[in-house]
Protein chains: 4
Amino acid sequence: MKVGVLTGGGDCPGLNAVIRAVVRKGEQEYGCAFVGFKDGWRGAVEGRTVPLGIPAVRGILPRGGTILGSSRTNPFKTENGVRDIKDNLAKYEVDALVAIGGEDTLGVAARLHDEYGIPCVGVPKTIDNDLSATDYTFGFDTAVGIATEAIDRLHTTAESHMRVLVVEVMGRHAGWIALHSGLAGGANVILIPEQRFDVDQVCAWVTSRFKASYAPIVVVAEGAMPKDGDMVLKDGTKDSFGHVRLSGVGEWLAKEIEERTGKEARTTVLGHIQRGGTPSAFDRWLATRFGLHAIDAVHEGDFGKMVALKGTDIVRVPIADATAKLKTVDPALYREAGVFFG
Amino acid sequence: MKVGVLTGGGDCPGLNAVIRAVVRKGEQEYGCAFVGFKDGWRGAVEGRTVPLGIPAVRGILPRGGTILGSSRTNPFKTENGVRDIKDNLAKYEVDALVAIGGEDTLGVAARLHDEYGIPCVGVPKTIDNDLSATDYTFGFDTAVGIATEAIDRLHTTAESHMRVLVVEVMGRHAGWIALHSGLAGGANVILIPEQRFDVDQVCAWVTSRFKASYAPIVVVAEGAMPKDGDMVLKDGTKDSFGHVRLSGVGEWLAKEIEERTGKEARTTVLGHIQRGGTPSAFDRWLATRFGLHAIDAVHEGDFGKMVALKGTDIVRVPIADATAKLKTVDPALYREAGVFFG
Amino acid sequence: MKVGVLTGGGDCPGLNAVIRAVVRKGEQEYGCAFVGFKDGWRGAVEGRTVPLGIPAVRGILPRGGTILGSSRTNPFKTENGVRDIKDNLAKYEVDALVAIGGEDTLGVAARLHDEYGIPCVGVPKTIDNDLSATDYTFGFDTAVGIATEAIDRLHTTAESHMRVLVVEVMGRHAGWIALHSGLAGGANVILIPEQRFDVDQVCAWVTSRFKASYAPIVVVAEGAMPKDGDMVLKDGTKDSFGHVRLSGVGEWLAKEIEERTGKEARTTVLGHIQRGGTPSAFDRWLATRFGLHAIDAVHEGDFGKMVALKGTDIVRVPIADATAKLKTVDPALYREAGVFFG
Amino acid sequence: MKVGVLTGGGDCPGLNAVIRAVVRKGEQEYGCAFVGFKDGWRGAVEGRTVPLGIPAVRGILPRGGTILGSSRTNPFKTENGVRDIKDNLAKYEVDALVAIGGEDTLGVAARLHDEYGIPCVGVPKTIDNDLSATDYTFGFDTAVGIATEAIDRLHTTAESHMRVLVVEVMGRHAGWIALHSGLAGGANVILIPEQRFDVDQVCAWVTSRFKASYAPIVVVAEGAMPKDGDMVLKDGTKDSFGHVRLSGVGEWLAKEIEERTGKEARTTVLGHIQRGGTPSAFDRWLATRFGLHAIDAVHEGDFGKMVALKGTDIVRVPIADATAKLKTVDPALYREAGVFFG
C-alpha cells in the first residue's frame, strides 16, 4: 500500500511529529510505502513530491514546522485542481492520502472523499484550537505555553513602572489562546472575539487593579472587537463598522486605556513566535498519537474520517464534523474566568 | 461561611494555583472567610493555622510548592487525630474543608466525611497522574515537560559519544511520566512499573538502535522491575526477589546493558527537579479550574465530592472513587508506544 | 552607617539581585542600615521610602523588575529637585546612596557627587549594553537569550512557508542585542543603528538565501535606519529625513522586502518581553557581584565611583566615565558577523 | 588550502557552532576546502573522515553535541598514533588542523605542533571552565543555566517540605559550575573541590537557614571533599583517604546532614543534562566567534596558537598556555560568595 502525506495551512508545532508517527508505524507494522506531497494541496495538484520513509523522519519529532512544507492552495479554487490531484495520485500510485491541516485543508479532504471517492484520512491541526469534534489540537498547548511565559515576563515590567501592559495573542475567531494563557498568566482582563468588549468596563478593571497597588495585564485576542464602533484597524480595509484599520486591536486598546484612565499603557503583539519552534511535550504526545491512529485508519480502510481527542482517547469522526462549525469559547467558561478580572 | 484549606502529600506544581482560585472566588463571589491549616492534616490535628484571604494569594499563581506547607501526617494513625481535628474545626469555626492532595490526603477526607460527617471537598493532586476518576491531575504536565526537556538534552550527548543513556523518571507504581516523556522525547525504550521488563529484550532494542547509527535513550520509571530476579536495589531493604537494594533501577540497568552489549551506558536520575518550580500553563489552567469548581461545591454544600477533569469539563465525583484504585497504564496504550522501541 | 538605595530608568532583569546583594552584605558584614527610595530619583525628591533590610530582600533574586519601583524623574529638571534630595537624605539620616540605573540615573549620581558632594556609588544597568566602562551590564544577557529563543522559533515558521521573517529587537542607539541575538539565532541579515542599511543589499541577501532553498530571518534593531530617505515611521513625528513615522522599522522593512523581492514577509516586534521576567544565570551572577562590590565601595568611602565588569573582574571607575560616551558596536565586529549574511 | 577539523573529549554545547563558523568563513572568505575527522584524534589516527562543507553545517548552530563525533583517544598513547596521523594528513592532503577540545585534546595539538611541526590551531572547550588563558569556554554558560534552573525548581520543593536539598553539579577539579549556579540560584551553601569542606560548618549553615524559617539548598561540585576523612565514595576505588566509594559526594553529604541535624535531606545529581542540548545564546556567540578567529589564524599561518576570550575580545595564545595549569576558583572569589551562606 502506498500512502501520500501532506500538510496544509499555517505552521504549527507538532506537524513533524504526526508525519514521523504515520511513517514509522506504517512502514514498520503495515509495510506501507510513502510519498510526501510538497506544500499541502499545491504539491498534490502540481505533482511535486518529496521522498518519505523512516530515514527521512528520524530526528524530526522535536522540530517545529513541517518537513513537507505548507501552503494555502485550495484545489477546488484551482483550475482542474481535482483532476490534477487524481492524475497525480495515479501517477505516484498512491492508494490513500493522510491530510494534516485545519478547516480548509480538511474541508478539501472531506470533499475529495465524499464527492470524488478519494481515500482520505484527516488529522486536525490548528494553533487556535477552534476545530470542532476534538478536545484539543496539537500546537495549541505550545502556543499557550509561549504566551503564558511572555505574560509572566510582562508582569514584572508592568509592576516596575506601574503601567498597563496589553498583550495581543493569536485568535481571529476564537479566544482559546487568550483565555488559557490569560488564566495561566494571571491576566487582569481577558478579551476574546466571541464577546464584544466594553472599553469602559476594561478601564474600570484596569483602575481597580491599580487601586490594589498592582499593575494590570490585559490579554486580548487579535480578533476581539469593542462594542462601540470606534475601532480603527491597521490593514487598510474597512472593519465591520466601516472604518479603516490603522492598527491592531492591542495597540488601539492601549491608546484608549491611556486616554480614558490617564495611565501609561504599552502593547506587545506576540505574533509568529506563538506558532514556531519545538512543540511542548503535550503536543508531541498528541501529534504522535494522532499519527499512529491515522495510519491505523488507513490500514483498516476507514476513510473519510479524522482522528480526534476525546478525554484521553483517540477516536475517529467524520472529517465533515470537524469543519462543520467553529469551536468557540463557551460563554459560561468565559464567565468562569471573570472572577479574576479587575 | 468559613472554609479551611489544606495541602497534603508530596510537593506538586499547581497547589498554589488551586489555593488562589478557591480563595479568590470564595471571598469575592460567595463572601466566604478562609483559614489555612499548616502542613496538611498535621495542622488540622495540631491546630496550627495561617491567615488566608485575597492579599495572601496574590502573586502565587506561577509559584511552585504550597504556601500552606505540606506533610504526610495521617490523623487516623495519630492518637486522637480525628477528635483533635473536630475540636480545631470548632475552635476556628470552620464550616467546610477543602483538602488538596493525593491518595492518602483524599482518603482521609473521604473517611472524615463518610464516617464523621465532616463537610469536605477534595481536589486531586499527583505528579504521577495515577489517581482514578480524573483524566489528568495538575503537576503531571509540568513533570512530563521537565523530563522531556532533559531527554532532548541527553540525545545529543548520547549521539556525540555513541553511548546508551538511561533516564530514570518518577513513577513508583504507574508509568505515566515515563510513557509520556519517553514518547515526547523520542526515547528508544520505555520501561514502566506495570510491565516487568526483559533485560535481553532491552539490550536487543539498544543494539538495533546502534545498528541504525544512532545512540539509544532508555527511559525507565523508578518503579520498573526486571522479569528475572537479579535486580539489587539501593535502599538496603530487600526487594520483591529478596535482594538488598544497592542502587536504583536506572543505575542497575545501565550496568546490565554495558555488560550484555559491550556498549558504554550512563544513568541520569531526574529526581526532585520533576516536582518543583513554576507550573506549566496547562497545570495552572487545570489547577485554577479545580479550585474554582471546588469552592462552587462548597458553596452548594455538595460534600464528600472531589473535582475531576473529564475531557475539557470539570465534574464532581465521590472522593472515594478517586482513591479506590490506582490508575495505571493500559497495556494497549503501552503497546501503542512500542512501535518506537529499538 | 545608613545607606539609601534606588533604581531608575527602564525595567531590567537583575535589579532585585543587586538590591539583595547590597543589603545582604551591607547589613551582615558591615552593620549598615538601609532605606529604599521609591521609583528612582522621584522617591529621593519626594521623600517616599520603603523599608529595606534582609527580610525584605529574601526570595527576590530570581524575580524580574525591581521591588523599589522605577521612574525617569531627573532631579535636575525638577524644581528644587537637588535641594529636596539633600533635605530627604538628612531627614532619613542617609550617609550614602547606591544608585542603580542607566545613563540618566548615573548621570544624576555623578553630578550629585561631583557638584554637591553627595556620597554616591553607581551600579550600571542597561538592557541595551550601551554603557561605556563596563564589558557588560546585567539584563543584556537575558534580553539576548529571549530574542534568540524567539528567532529559533521563527526559523521553523519561515521555512514552512518560505517566507521572510523580520524580527525587530530592542536597541535605539546601539545594536548589541541585534548583533548578539542575530549571531546566536543564525539570522541571515542583522541591521544595527550604527550603520545605515541599504535596502537593496538586504533584498540581495534575502534572495540569495531563498536560492539556497532556505527562508531568511532578518534581525533589525529598533533604531536601525535605511541609507535612502524613504522610511516613514510610526509615531507621527518626522524622522531624520523629514518624513512622518507610520510604522516601526521592522514593519516598514518587511513591506519594502515584499515589494522589491516579491516574497512574502512578516514582522515580529519582540517589545517588552525582552526586558521582563527572571534574569538569566549570567545576569544574576553579574548583578549579585555588582551589588557586593558596590557596598564594598560604600564601606570604604570610595564615592563617585561605579562598579564595572572587566574580563572576569569587578572594578571601580568614575561614574562619569560610564556616561561620557555611548558604547556602540565596533564596525570591525559588525563586519565579522557579515560572513553569515545572505 | 585544505583544513581538517576534529572535536575531542566530552560533549559540550557549542561544538557545532564552532565547526559551522570555521567552515562558513573558511570556504566563503578564504576558499578553503574541509575534511572532518570522525571522533576526535581517533579519526585522525584511523583515517576515518566525514565530508565537510557549507551544506553540511547548515542548521547545526542551535544543536548540541558534535556532528563530527568525539572520543578520548590520545595518539601519543596509541601505537604509531603520531605516524598514522601524519600519514592520514598526507593522504587527505590536509594543510592544517583545527582541534576543538579540552586539556587532553589541546595537549595533543600542542605536542603535534611543537614536536612534529604539524600546523594546528586550537579551540578551547570545557563545560567546567577550568582551562587557563581564556576568560570563559563555551558550554559553561549553558551548564550553569541548566543547573540554575534546576536549583530554582528545588527551592519550592525544599520549602514545601522544609527539607534540605543537596544538588550535585559537575566539576571534578574546579568549582566554577557550583559557584556560578549556586550564586545565581540562591544556594545557602556552595562546596567546591578547591576547598575541603567541614561537615559541621555545613550543618551549622543548614540549621541557621531553618531558624530563619527557610529550607536550605546545598550545591556541591562532584569533586568536593570533606576535611575529615570519613567520606566513602561510590565507584569501588579507594578515595584519597583510602576508603572505598559507595556513593557520590551529594548522597554522602545528605546522609551526614540528616544524621547530624535531624532534618530530612534529599539529593539530586544533575549529571549529563548539564552538557547536552541546545547551547545558550552566550555560548553560541562565543563558539561562533572562536570558530571565526580560528580560521583566521589558519589563514594567516599562525599555528600552535589557541583562540581565547579576554574581556570582549578574541585573542590568540600559545596552546601550551591553556593546558599548563588548571584554572581553579580563586579563594577570594569563593569568600565573596560566602556572604550568602547560612
Side-chain angles (χ1 to χ4, degrees), chain A residues 17 20-21 24-26 28-29 54-55 58-62 135-136 141-149 151-152 155 159 179-181 183-186 212-214 278-289 292-293 295-296 309-314 330 333 336-340 342, chain B residues 17 20-21 24-26 28-29 54-55 58-62 135-136 141-149 151-152 155 159 179-181 183-186 212-214 278-289 292-293 295-296 309-314 330 333 336-340 342:
Chain A
R20 168 182 174 264
R24 187 77 186 258
K25 186 165 193 181
Q28 204 167 288
E29 306 228 331
I54 289 182
R58 281 213 195 274
I60 68 173
L61 168 64
D135 283 0
Y136 293 105
D141 185 66
T142 304
V144 169
I146 293 169
T148 301
E149 203 185 304
I151 298 169
D152 280 358
H155 270 294
E159 298 298 344
L179 182 65
H180 278 240
S181 67
L183 260 187
S213 292
Y214 288 85
T278 195
S280 72
F282 180 89
D283 281 339
R284 295 189 201 177
W285 160 259
L286 180 57
T288 296
R289 294 197 70 206
L292 296 176
H293 284 255
I295 195 69
D296 287 350
L309 180 71
K310 289 285 175 195
T312 60
D313 294 327
I314 310 295
D330 190 84
L333 199 59
E336 188 183 293
V339 70
F340 297 108
Chain B
R20 168 180 174 266
R24 187 78 184 260
K25 185 164 194 181
Q28 204 166 291
E29 306 230 329
I54 287 180
R58 281 214 196 271
I60 68 172
L61 169 64
D135 282 358
Y136 292 105
D141 184 67
T142 304
V144 169
I146 294 169
T148 301
E149 203 185 304
I151 297 170
D152 280 356
H155 270 293
E159 298 298 342
L179 183 65
H180 279 241
S181 67
L183 260 187
S213 291
Y214 288 85
T278 194
S280 71
F282 180 91
D283 282 339
R284 295 189 200 175
W285 160 259
L286 180 57
T288 296
R289 295 197 69 205
L292 297 177
H293 285 255
I295 194 69
D296 287 348
L309 179 71
K310 290 285 176 194
T312 59
D313 294 326
I314 309 295
D330 190 85
L333 199 58
E336 188 182 294
V339 70
F340 297 107

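Each chain gets a letter, A, B and so on, in the order the sequences are listed, and its residues count up from 1. Just so we're clear, the structure is a prediction, and the values are computed from it rather than from any experiment. These values consider heavy atoms only, across backbone and side chains, with no hydrogens, waters or symmetry-generated copies.
- Minimum heavy-atom separation, A:A212 to B:R58: CB-NH2, 3.7 Å.
- Atom CD of B:E149 and atom OG of A:S280 lie 12.0 Å apart (nearest 0.5 Å).
- For B:H293, the side chain to side chain donor-acceptor pair (under 3.5 Å) partners two or more places apart in sequence, or in a different chain, are A:E336.
- Summarising the geometry, atom CG belonging to B:L183 is positioned 11.5 Å from atom CG belonging to A:L286; distances are rounded to the nearest 0.5 Å.
- Residues satisfying the side chain to side chain donor-acceptor pair (under 3.5 Å) criterion with B:D296, sequence neighbours excluded, are B:K25, B:Y30.
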- Report the C-alpha separation of B:W285 and A:L179 in whole Å, then their side-chain angles, then the decisive distance to 0.1 Å, and conclude whether the side-chain contact (heavy atoms from CB on, under 4.5 Å) test is met. CA-CA 10 Å; B:W285 160 259; A:L179 182 65; 4.1 Å; yes
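- Look at B:K310 and A:D135 and you find no salt bridge, because none of the NZ, NE, NH1 or NH2 atoms lies under 4.0 Å from a carboxylate O.
- Options B:A17, B:A287, B:P55, B:G311 differ in how many heavy-atom pairs under 4.5 Å they form with chain A, and the most are formed by B:G311.
- Contacts of B:A21 with chain A are made by both backbone and side-chain atoms, with heavy-atom separations under 4.5 Å.
- Interface remark: A:L309 contributes no atoms to any contact with chain B (heavy atom separation under 4.5 Å).
- For the pair B:T312/A:Y136, a side-chain contact is recorded, criterion being any heavy-atom separation below 4.5 Å from C-beta on.
- Options B:T288, B:L292, B:V144, B:D313 differ in how many heavy-atom pairs under 4.5 Å they form with chain A, and the most are formed by B:L292.
- Nearest heavy atom pair, residue B:A281 against residue A:T148, reads CB-OG1, 3.5 Å.
- Using cut-offs of 30° and 60° for the angle between ring planes, the A:F282 and B:F282 rings count as parallel.
- In this structure, A:R24 fails the cation-pi test against B:F340, since its NZ or CZ atom is not both closer than 6.0 Å to the six-membered ring centre and inside 45 degrees of the ring normal.
- When each of A:R289, A:H180, A:H155 is scored by its heavy-atom pairs under 4.5 Å with chain B, the top score falls to A:H180.
- Contacts with chain B were tallied for A:I54, A:D152, A:D141; A:D152 has the most, counting heavy-atom pairs under 4.5 Å.
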